[in-house]
Amino acid sequence: MFIMSRTSQRKTPSLNTIKNFVLLLAFGCSVLTVNSLQATPSPRPTTTDSIFGNWIIDTPEQITLLQLNRDHSYLYMEFNLTKPQNSVAEWGQIDIQPIGVRFIPSYSNNQQQGLVAYQINHLKLQIMLTPQRQQLAFTIDTNADSVADEQYQYHIYPSQSVYGVWHELSRFMLSSLVLLDNGYYAVVQINLHQDPQANPHYTHLQWGRFERQQNQLFIEPIFDNPPQQSVSQFDTMTSVFYHLTRQQLALSFAVEDDNVNAHQRRFRR
């Protein structure tokens, strides 16, 4: 009599069982892969608060300042140190979308330069802002072909002491004062009630050098545009007295009777 061994009596798995196990294993791997991709999504620029603030590019040829505010307004300035006539002051609104941003200029002193020039010359312009720790990558796609044509690396500019960007808002105008720790200053004045039918929307820009001594700023203008709309006392005074509080900067201008408090302007961050 033929007797089968104990090991030969074990049932061999069917082909269908093996196929089902392989399919189950493949499905599990795909789920893990999808979950891992969802856990580490690619960064979405311009969707966080980290883009707001003052950003700067400082080179020997040009200083570029970009202020992005939480009310979605922006101030863009170019100090062209080699060709001052190409300097720019621009103010407007920024439209923030997950796929990029759109700058909507309201006022500019020089529409041949700056962000407004990109809007005019590139109808398919796409701009992406990507915060990277203490930096902001400014990427420009001029043809909407998903290829970066230009990229600029801005560095955050912290406000400290008198240095930074200050604003003075009245009923009829917005004035901005920029004091940089490299010794450059700028004053921008925007007439908010200009009639675009009667006059172009000029934004006045003046910039130059300054020295800070005790409670005085000694001013040396380099560029003034347009000169017929010069900014208040900054073009006639060689020195300005200042008083600094936590969030306010008061400027006092001397007049004929040498009363430095005869005219004051108050700026806030």
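Small disclaimer: the values here were computed from a predicted structure and weren't measured.
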Decide yes or no for [X] and [Y]: does some side-chain heavy atom of the first lie under 4.5 Å from some side-chain heavy atom of the second?
X	Y	answer
Val162	Arg212	yes
Leu244	Ser161	yes
Ile156	Leu136	no
Tyr154	Ile56	no
Val188	Leu174	no
Gln126	Lys124	no
Phe210	Leu179	yes
Gln206	Tyr185	yes

Side chain of [X], backbone of [Y]: donor and acceptor closer than 3.5 Å?
X	Y	value
Glu90	Val116	yes
Ser87	Asn80	yes
Asn182	Tyr184	yes
Ser108	Asn110	yes

Euclidean distance, [Y] [atom2] relative to [X] [atom1], rounded to 0.5 Å:
X	Y	atom1	atom2	answer
Asp149	Leu125	CG	CG	9.5 Å
Leu249	Tyr163	CG	OH	12.0 Å
Gln135	Arg133	CD	CZ	10.0 Å
Ser175	Trp166	OG	CH2	15.0 Å
Phe138	Met128	CZ	CE	12.0 Å
Ile190	Ser176	CD1	OG	6.0 Å

Under a plain distance cut-off of 3.5 Å, with no hydrogens placed, do [Y] and [X] share a side-chain donor-acceptor pair?
X	Y	result
Gln247	Arg268	no
His204	Asp224	yes
Asp95	Gln93	no
Gln132	Gln153	yes
Glu150	Tyr118	yes

Mind listing the side-chain donor-acceptor pairs of residues 62-69 below 3.5 Å, one per line with the distance, residues two or more places apart or on another chain?
residue	atom	partner	partner atom	Å
Gln62	NE2	Thr64	OG1	3.1
Gln67	OE1	His167	NE2	2.8
Gln67	NE2	Asn54	OD1	2.9
Asn69	ND2	Ser73	OG	3.0

Give the minimum heavy-atom separation between [X] and [Y], together with the two atoms involved.
X	Y	answer
Leu205	Ala186	CD1-CB, 4.3 Å
Leu177	Val187	CD1-CG2, 3.8 Å
Gly114	Val88	N-CG2, 3.9 Å
Gln151	Thr139	NE2-OG1, 2.8 Å
Asn225	Asn109	OD1-ND2, 3.0 Å
Gln214	Tyr242	O-OH, 2.7 Å

For this session: Could you give me the CA-CA distance, side-chain angles and deciding distance for Arg209 and Glu220, then say whether salt bridge (Lys or Arg N to Asp or Glu O under 4.0 Å) is met?
Result: CA-CA 5 Å; Arg209 302 281 298 176; Glu220 182 186 348; over 6 Å; no

Hydrophobic cluster membership, [X] vs [Y], 4.5 Å side-chain cutoff:
X	Y	value
Tyr74	Tyr152	yes
Phe103	Ile120	no
Val240	Ile222	yes

Problem set entry | Full working for side chain to side chain contact (heavy atoms under 4.5 Å, CB included) between Phe218 and Gln213 | CA-CA 8 Å; Phe218 292 88; Gln213 297 182 13; 3.7 Å; yes

Exercise. Do the two ring centres, one from Trp91 and one from Tyr107, sit under 6.0 Å apart?
Worked result: no

Problem set entry | Sequence-distant partners of Asn215, side chain to side chain donor-acceptor pair (under 3.5 Å), two or more places apart | none

